[in-house]
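What follows is a set of notes on a single structure, which appears directly below.
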Number of protein chains: 2
Amino acid sequence: MTAHPPAGYGYLPAASLPHVAPRPTLRDVATAAGVHPATASRALNDATRSLVRPATVARVREMAAALGYQVNPIARSLKTSRSETVGVLVPDLTNPLFPPIVRGIEDALGDSGYTVLTANTDNDPARTSSNFAAMQARQVDGFIVATALLDDPLMHDAAARGVPMVLVNRLTEHLDVSAVSADDATGIERTVDHLVGLGHRDIAHVAGPLRVSTGAVRLRAFRAAMQSHGLRDDRVVEAEAYSEAAGRACLLKLLDGDRPTAVVAGNDLLALGCYDALAESGLSCPDDVSIVGFNDMPFISRLQPPLTSVRVPQYELGVEAARLLLDRLSGRTVTPRVVLLPVRLVVRGSTAPPPLVKRPARPAG
Amino acid sequence: MTAHPPAGYGYLPAASLPHVAPRPTLRDVATAAGVHPATASRALNDATRSLVRPATVARVREMAAALGYQVNPIARSLKTSRSETVGVLVPDLTNPLFPPIVRGIEDALGDSGYTVLTANTDNDPARTSSNFAAMQARQVDGFIVATALLDDPLMHDAAARGVPMVLVNRLTEHLDVSAVSADDATGIERTVDHLVGLGHRDIAHVAGPLRVSTGAVRLRAFRAAMQSHGLRDDRVVEAEAYSEAAGRACLLKLLDGDRPTAVVAGNDLLALGCYDALAESGLSCPDDVSIVGFNDMPFISRLQPPLTSVRVPQYELGVEAARLLLDRLSGRTVTPRVVLLPVRLVVRGSTAPPPLVKRPARPAG
DNA sequence: CCCGAGCATGCACTCGTTTGCAAGGACTGC
DNA sequence: GCAGTCCTTGCAAACGAGTGCATGCTCGGG
C-alpha cells in the first residue's frame, strides 16, 4: 500500500513525500484565484465581504473550498488579539454538578464558533489565579467562572480591568458583572416548607462554606424560612467544603447534641455525607432523620434511599451563562444582568414525617 | 476613587488612560535590558539559554520579572507551529465515566505546561471529524481520543498523517498508535467466575455497541468465560448505545424469553437500565436476577441495591494516556505501546445466589 | 468631453516571537 | 604577533492573516 493523499485536500499543490502535508494558506488561495492575499482575506471574511466584487468573492471562495483552505486561527488571533475562545473555570469536573453546566456552555458557545478552555481549580485561589492568567495569555475573549468566592479580589480585579466575564452558579458580592445562578433562596424556602408540612420542628442545616455565595445565600434563606415558621433557626453547622467527608463530619457534630429530625443539606454531596453519618450512628433515613439535598445531581434519584433534592437546571445554567457572555462579547449588551433560574423541589424517599419518639443513636463502631 | 494601575504590571511604560493596559512585549523587555529582542528571546527560553552570557541572562530575566512579562503563546505558536495544547475528544462529559479520565489528563498534562481543549462528540462521526479538524486548525500538538470506533477511518487517516495521538478507553483495530485501556477481558472473566461461583448457570450479557472496542472485547471475553465453564454463551443482546434506555430495552428483550438468573451488563449505565427493566417487570435484584456492571462509576456504590461492578482506574487511565502522549510529543518514544490497566471486581448487593425457583415476571403496567 | 465620485483591488506594514546566518570581539596556540 | 576559534550578540526574515491607505478603474453628470 502506497501513501495516499490526505483526505480533505485537493491535489493541486504537489504533495511532497513527507507524510505531513502543509495546509494551504491564504496566499495559496489568493494565487489560485489570481488575486492579492488582501483581497482573498476580504472575500473570505463575512464582515468585509461587501468590499469586494461579488464575482471575485465567488471565485475566491470556490478556490478556498477546492483547496480545503481553513483560516489559521493562530495567525488571526495574533493580528486581531481575539481568539474565539473562552475560558471556563470550575472547581472540579469530578463533582457531578459541573459536567452538565460545562456541557451547556460548550454547546451554546460551540454554536457560535467558540471553543472552550476548561480548568479545574480545586477551590484553590492560587490555582484559580494562575489558570486565569494562563488563559488570558492565550488571548481568551472572555471567561465563565464557576469558582467565584463571595469576596473575591481576583474577580474584582478582572472586572475592573474590563475583562469580559460571567459568573455561573456562584456569585460575588458587589461585583458589577453578569451572572447566572439557580434561585437558591426559593429552593431552600420550599424545602423548609416541605419539612414543616411533614411535621418537622427540629430542623438543622448543614451549610456549605460561607465564603461562597451558595453557602451564604442558602444559609440566609434557611434562617428566614425557619423564622417565618416561628422555629429555631440556629441549628447550623458550616461545612469546610462541599464534600461527602465534610457533610459527614457536620452531621456527626449535630447528632452529638439535641438531635434534629430533619436536615437541610447545603448540597447533594453534603447530603450523601449525612447518609454516612446516620448509618454510622445506627440511625435510619428517613425513619429517624429526614434529609434533603440541593442540586439534584444525576443519579441521585437512584440512591438508597432516593434523595429528596432541589432540582436546578444545570445544563440551562451553562447555556444561559454562555448566552450572557456572547451578548457581552458581541457588544450588544453592556449592562450586567443577574439571571436567576427557577428551581423545583423533587420529593423522594429521604423525607418522611418525624418519628413519634426519638430512638437513641447507637454510638459508632 | 481614581483608576489604579492593574495588578501585576510595573509602572515603567506609562500607563495610558484606558483601563486595559498593554501587556509588555519581548521588545519591551529587550529594550529595558539593553539588548536585542533576539537575545532576550534566547535568554528567556530555557532551551536556548545556554547560548547567551549568564550575566545577560540574569539581566534580561530580571527585567522580564520587573515588567511582569509573559510570553504571548499565540505569537509563539505562529512561529513554532506548536501550541502547548492537546485536544481531548470524549463522547459526552455528562457520562460519569469521563470526568475522572479528563481530570487525570488535565492534571498530568498541566504539570508539563500543556493545556487541554475538550470536545463532546456524542458518538457522532461527523461531529468527531469536525471537532478534530477544528482542533488541528488550532495547532494542537496532539490528541487524546476516547471516542474511537473499532473500525475508524478518521483515526486511521490521522495516524497515517502522523498526527500524534493516544487512544484511551476505546481502541481501534489494526491501528499503530499508543493506547491505554482497562483490562476489560479480565474484568469480565472475574465477573463470570463470581456469578458461576454463586451458583448461576443462566447468565446473559447485555453487550455494549459492538462497533466500539469495549463492546466487542467484553462480549468476546464473556463468551470465552462461559465456554470455559461449559455454559451457554449465546444469551446476548447488543445495546444500541451505552445508555440507561438501551440497557432497559435489552433486558426487557431478554426477560421475554427464557429468563436468565444473572446479567453481565456492558457497563454501569446499561446496568442501571437493567434495574429499570426489572422493576417494571415486578422482579427484584438480586433476589430474582443478579446484575453486574462495569466501570464502577462514582456513587454507584450508593445505589439501590449497591451495584456489583468492575472497578477501572479511571483517573489513572487519563494520567497514563497523558503520559504516553507526552512521551510521543517529546520525541522520546516513537514506538506505540498499548497499556492495559488492572481492574478489580467489587462485589456489592446486586449479586446473590440464584433463586431456588423462578418467580413469574409480572407484566409491566 | 472632462472631471469627480465611488468602487474594487493592491501595497505594505503589523501583530510578537523564533531562528539561521553573520559579524564582532576575546582568547589561545604557535 | 598573528591566525583561527569560540563565544556572544545583532540582523533580518519569516509564521499567516488583517487593514489603513493609495491607486486605478468605471461611470455619471454637467
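Numbered from 1 within each chain, the chains take letters A, B, ... in sequence-line order.
One side chain, Thr118(B) or Glu106(A), offers a donor N or O that lies under 3.5 Å from an acceptor on the other. Under the 3.5 Å distance criterion, with hydrogens and angles disregarded, no donor-acceptor pair is assigned to the side chains of Arg82(A) and Gln139(A).
Distances shorter than 4.0 Å separate some side-chain N or O of Ser41(A) from OP1 or OP2 on dG18(D). For the OP1/OP2 pair of dT19(C) and a distance below 4.0 Å, the side-chain nitrogens and oxygens of Thr48(B) include no atom meeting the criterion. Dashed line: the shortest gap from a side-chain N or O of Arg53(A) to OP1 or OP2 of dA8(C) is not under 4.0 Å. OP1 or OP2 of dG10(D) has at least one side-chain nitrogen or oxygen of Thr39(B) nearer than 4.0 Å.
Taking atom CG on Leu51(B) and atom P on dC6(D), their separation rounds to 15 Å, with Å as the unit. To the nearest angstrom, P of dT14(C) lies 21 Å from CZ of Arg82(A). The separation between Asp28(A) atom CG and dC15(D) atom C1' is 13 Å, rounded to whole Å. Counting to the nearest Å, the C1' atom of dG16(C) and the CG atom of Leu44(B) are 13 Å from each other. Distance, Leu26(B) CG to dT17(C) C1': 7 Å, rounded to whole Å. Residue Arg76(B) contributes atom CZ, which lies 18 Å from atom C1' of dG16(D) at whole-angstrom precision. Arg27(A) has its CZ atom 11 Å from the P atom of dC11(C), to the nearest Å. In this structure, Ile74(A) atom CD1 and dG18(D) atom C1' are separated by 16 Å, rounded to whole Å.
The residue Ser77(A) sits apart from the nucleic acid: no heavy atom pair falls under 4.0 Å. No engagement by Ser81(B) is indicated, since no non-hydrogen atom pair under 4.0 Å with the nucleic acid exists.
Considering only the side chain of Leu78(B), dG16(D) comes nearest among dG10(D), dT17(C), dG16(D). Checked against dT9(D), dA17(D), dT9(C), the side chain of Lys79(A) finds its nearest nucleotide in dA17(D). Comparing dT8(D), dT19(D), dG18(D) against the side chain of Ala38(A) picks out dT19(D) as the nearest. If you check dG16(D), dT8(D), dG16(C) against the side chain of Asn72(A), the one that comes closest is dG16(D). Among the nucleotides dG16(C), dG20(D), dG10(D), the one closest to any side-chain atom of Arg42(A) is dG20(D).
Atom CG of Asp107(A) and atom OH of Tyr315(A) lie 3.5 Å apart (nearest 0.5 Å).
Each of Thr80(B) and His36(B) has a nearest nucleotide on DNA chain D; the 5'-most of these lies closest to His36(B).
Contact of the Val90(B) side chain with the Thr121(B) side chain is not registered, since no non-hydrogen atoms from C-beta on lie closer than 4.5 Å.
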Chi angles and distances behind the salt bridge (charged side-chain N to carboxylate O under 4.0 Å, His left out) call for Asp157(A), Arg161(A): CA-CA 6 Å; Asp157(A) 190 67; Arg161(A) 294 215 313 278; 2.7 Å; yes
